[in-house]
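Here's the structure we're looking at; comments come further down.
Just so we're on the same page: letters track the sequence lines, and every chain starts at 1.
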Amino acid sequence: MRYILVFSLLALIVGAACTPRRDIGNTLRVAQREKIKTLDPAHANDFFSGTAVRRTYEGLYQYHYLKRPYEVVPNIAAAMPAISADGKTYTIRLKQDVYFQDDACFPEGKGRRVVAKDFIFSWMRLADPKTASEVWWALDGRIVGLNEWREKLKQGDANSGTSHYDLPVEGLKAIDDFTLEVRLTREDPLFIHMLTMPATTVLAREAAEKYGQDLTTRSVGTGPFVLERFEQNQIIWTRHPKYRLETYPSEGEAGDREAGLLADAGKPIPFVDRIIDDVISEDQPAWLNFQQNNHDYLVKIPKDNAKNILTDDFKPTREVSERGMKLLSSPGVEFSYIAFNQTDPVVGGPKRKFLRQAMSLAYDEAPTIGMFYLGLGKKAESMIPPGVFGYDSEYKNKYREFNVAKAQELLAKNGFPEGKGLPELTYDLRSDPTARQVAEYFVRSMAKIGIRIKLNQVSWPELNSRIAKKQAQVWGGIVWVYDYPDPENGLQLLYGPREAPGSNKTSYKNPAYDVLFEKFIRTRDDKERLALIKRMRSIYEEDVPWIVAVHRNENRLTHSWLHNLKVHAFEYNSDKYLRVDAEARKRVLER
Amino acid sequence: MMAFVIRRLLYAIPTLFGVCLIIFTLFNLVGGDPAYQMLGKHATETQILELRRELGLDKSKVEQFFDYLKSVATLDFGRSYTTKQQITDMIWRGMPASLSLAIPAFIVEILLGLAIALLVSFYRGTFFDRAVVVLCVMGMSVSALAYILFGQYVFAYWLGLFPISGYDTDILYRFKYIALPAIIWVVVSLGINVRVFRTFVLDEVNQDYVRTARAKGQSEKKILFHHVLKNALIPVLTYVVIQIPVLITGSFLLENFFGIPGLGSITIDAIHNSDFPVIKAMTTIETLLFMVFALATDLLYSVVDPRVRMR
C-alpha cells in the first residue's frame, strides 16, 4: 500500500508539472481582483461587473480614453446630442453600422442592426420594477413619463394583452430608426454622464425575452468582445467579428505622446483577439501570477507584497524596473472618510459641532497615506477629488490641519474638557484589515485628546444595515468612489432630502446647503458652479459631518509587452484600447 | 433494518427544523438587510421598500420562516440575490470543482493517515513512534493558511512545479491545477488523522482478542494488519464518513487561494453579500448530507462488524 501511495503522489506531481502550456497568441490576460457578479447591465453596480458588462455592451456615450479632465465622447451615438434651449430635450443620432452580436435569440442567429427603439426598451427594462435593478437610480426621476410608467407596472395597471413595453413613455421617442429623442423632467447637465454608464447600455429585446434573468451569465451586446465562456473563476471573451470600425484616439493630454500612448493613434480597435479574466481575490496568488508573467496587468497592488514592488520612499523597486514592469498610479476619483451620524444625540447635530471639529483636528492624516495606502494617495481636504471640476489644490480645510491644542480648546468649548463627561463613542467598521488599521489609528488619535472609542467590527452587510438604519454612531474605513466625474456626485452626499438610507448616510441636514445644492444641479455655467461649490464647501467645512480622509490612487502594474494602458476612473472598457506585443511576451515566457 | 432506517429518517425532520431555525435566527441577527446590500450606495427609502417587498422581506418573521421551510421542503431555493443565477445551477456548476479537489485529496489523506497510524502502532513506544507523534502535533499546530502560502510560493512560484492558481473544466488540464491544493489538503489533514487513527488502533491493541492471538503465537505483523485493523475500522469509518458532506460543500480557504470555482467560495461570497437564498441552500444541503452519511455510517457498521445489528 505504501508503494501505491508514494507512486500516486509522484504521479500527481510529475503529471502536474508536465502538462503542456497552451499557446495563448494575441490574448490579453487580466487578474480580476473580485468575482464578476453579473453580466446583466441592469444589475452591474460594482466596478468589476461594470467592466465585464462594457466588454460586450455599449452605450450612447463614453469617456475619452486619454483626455483629462474626463470628456464625454460619442460611442453608439453618431455625435454629441443636440440639446434644446431649455436644456430639457436631447436629440441623439445613432451610428448606422452598429450590430448586435450573433445569437440564437435573433432570426437565423444573426445579430441585427441597433435602432433607437432598442435604447427605449433597455431603459424601460431598467425602470421595470420586476427587473429590480440596483442601478435604476441613474434614470430615476430624469425622463418624462418613465417613473409614471414604472408606477403603473407596480400597481399592475398595464393593459392586459399588450406587453407593458409597448406602452408609450412620454419622454422617450424614436423619431426614426436612428434618431432618439429624450425629454427630461428638468434641465439636467448630469444626464449625459448617465448615458456613459453600464446601466444605460443597449440590450436587444429579443435577448431579454429569450434569456430573462439568465442574462446574468450570458451577453448579447454590440461591443468589441463576445462572451465565450462564463465561469465563476474565469471569463473568456473573443473579438466580435462584426464589430464596426472604431479607432484608437488621436489626441490625449500633455505627456501622452511621450509616454507612447499615441503610437497607435487612428488604428482600428480592439487590438487583442481574446481576453481571459482570471478571478483572483487573494493578494499572494495575484502577485505571484503576475511575477510569473501569467497576467499582463494587475489591478490593485497587493499590500502584503508591497515591499517587493515599492521602496521605502514609495518608488518602484529595482527588481520591478529591471523586469520592465511599470507602475501606473494616478489619483482615484474618490475619497475616504470617517463619518458622524447626525441624528445621534452624542456626536450629531449643530450642538456637537465643536466636538466634531475637535476630532477632525486631532486626527493627523498625513502618516496614514504611508501606513495604509503604500504612499499612493493624497490627503483629502474636501469631498471633491483631483480630476473633478471644482477640485482646488490650493484649498486647505481649516479643520483638517493637525492641531491637538486647538482640538482640546474646541472640546472644552463643547463642554468636554479633556474628554471628561463625553461617553465612550462607538466606531463601526467592517471586517477588513485596512479598515481595522485605520480604526485603531483613529482610536489612538482620539485618545490623545481624551476621547474614548470602542470599536465594533461587523460584517459588510451588517455595517451597511446599521448605517442605513441610523444605528451607527461613528464609522469609517469606507470610500466614496465617484460614479461620474462631476462634483454633484460628491456634493449630493450631504443633501438633506437624501438622508439615510439614501446616499446622505450621515443624515446631515442644513437648509442653507440644500438650497445651494438645488441651485447647483440646475446650473450649467462653470463660473457660477464654482462659486456655489465654494459656498457649499464653507458650510460643510464648518459643520464637519465627516472627516474627509484620503484620495487614494488608482494603481496598475503592467508588463513591458503591454501597451496603451492609462489608468481611467470611468472608462470601464479600457481593454479595447490595449495592445499586447505577443512576440515579446512569448520570448519572455520561453526564457 | 428497515424500521431502523425509517426511524432515523423521521428523526431527521426535527433535526432539519432545528438547523433551519438556528440559521434563520443567526441570519436575522447578524446578516444585515439584503435590500441595503443589494441596492448599494444610491438606494432610496422607496427603492428599499420595493425591493424588500419583492424579496418577501416585508413579511413577518414567522411568515418568512415558513417560506424558508417551504423552500427546504421543495429544495427550490430560487435565485441568488447577488448573481441572480439559479441556485441549483450554481451548485451543479460548483460541485464538480469542489469534488475534483476533495475526492483525491480525501482518499490519499485517509489511506496515508491509516498507513502511518498502523506503522507507528506497530513500533509503539519506540523513538520512531514518539517522533511521528511530535511531528503530527507540530503539523497540527501550524495554520492551514501557512501551508497554503508556503506551498504556493515554494512549489508553484519558486520551483515552478505547479500552476499558482486556476482551474480548467478540461479534465487533463484540471489535474495540474488541483495537484498542489490536494497535496496541501493532505499535509494539513495528516497530523490529526495519524493521531486519531493511532488512538483507534491502540485502543484495539489492548483488547483480549489480541492477547489471545499472541498466546496462539501469531506474529505482531499479522495481529496488527489482520485482526486489529479490521476491528479499528468501525471508529475509522465513523470518522471518515462523517467528513464526506464537508468535502462536497468545499474547502473555503483552498478554493479561494487557488481560484477553484467550488461550493466553498460560493458560500463565502454568499456570507459576504448577505445572500440568504444561497446561505440557506448551502446549509440545508450540508445538513441533509450530514444526516444521510451519518445513517450510512450506522448501516456500514453491520457490514464491517457482523456483531452489530440495526434495531
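A:Asn293 and A:Arg323 are linked by a side-chain donor-acceptor pair at a separation below 3.5 angstrom, with hydrogens and angles left out of the test. At a cut-off of 3.5 Å, with distance as the only test, no side-chain donor of B:Ser274 or B:Asp33 sits close to an acceptor on the other residue. For the 3.5 Å distance criterion, the side chains of B:Glu109 and B:Trp185 qualify, holding a donor opposite an acceptor. Donor-acceptor pairing under 3.5 Å is lacking for the side chains of A:Glu231 and A:Asn233.
Taking 4.0 Å as the cut-off between side-chain N and carboxylate O, A:Lys154 and A:Glu151 count as a salt-bridged pair. Ion pairing of A:Arg498 with A:Glu488 is present here, as a side-chain N (NZ or NE/NH1/NH2) and a carboxylate O approach within less than 4.0 Å.
Heavy atoms closer than 4.5 Å to chain B are found nowhere in A:Arg466, neither backbone nor side chain. Looking at B:Arg79, only its side chain comes within 4.5 Å of chain A, counting heavy atoms on both sides. Proximity to chain B (any heavy atom under 4.5 Å) is restricted, for A:Gln492, to the side chain, taken from C-beta onward. Looking at A:Pro129, only its backbone comes within 4.5 Å of chain B, counting heavy atoms on both sides. In this structure, no portion of A:Arg218 lies under 4.5 Å from any heavy atom of chain B. Contact annotation for B:Glu54: only side-chain heavy atoms (C-beta onward) come within less than 4.5 Å of a heavy atom of chain A. Contacts between A:Leu288 and chain B at a heavy-atom distance below 4.5 Å involve backbone atoms as well as side-chain atoms. Neither the backbone nor the side chain of B:Ala97 comes within less than 4.5 Å of any heavy atom of chain A. At a 4.5 Å heavy-atom cutoff, B:Gln86 makes no contact with chain A through either its backbone or its side chain. The contact between B:Leu51 and chain A is made entirely by side chain atoms (from C-beta outward), counting heavy-atom distances below 4.5 Å. For a residue to count as touching a neighbouring chain, one of its non-hydrogen atoms must lie under 4.5 Å from one of that chain's; by this rule B:Asp269 touches chain A with the side chain only.
For B:Tyr157, the ring pair (Phe, Tyr, Trp, His ring centres under 6.0 Å) partners two or more places apart in sequence, or in a different chain, are B:Tyr153. A search for ring pair (Phe, Tyr, Trp, His ring centres under 6.0 Å) contacts involving B:Phe200 returns nothing, not counting sequence neighbours.
At distances below 3.5 Å, at least one donor-acceptor pair connects side-chain atoms of A:Thr216 with backbone N or O atoms of B:Thr83. In this structure, A:Arg430 contributes its side chain and A:Asn464 its backbone to no donor-acceptor pair below 3.5 Å.
Applying a 4.5 Å heavy-atom cutoff, the residues of residues 133-141 of chain A that approach chain B are A:Ser133, A:Glu134, A:Trp136, A:Trp137, A:Asp140. Of residues 39-49 of chain A, those residues with a non-hydrogen atom less than 4.5 Å from any non-hydrogen atom of chain B are, in numerical order, A:His43, A:Asn45.
Contact between A:Asp483 and A:Met197 at its shortest, heavy atoms only, is CB-CE, 4.2 Å.
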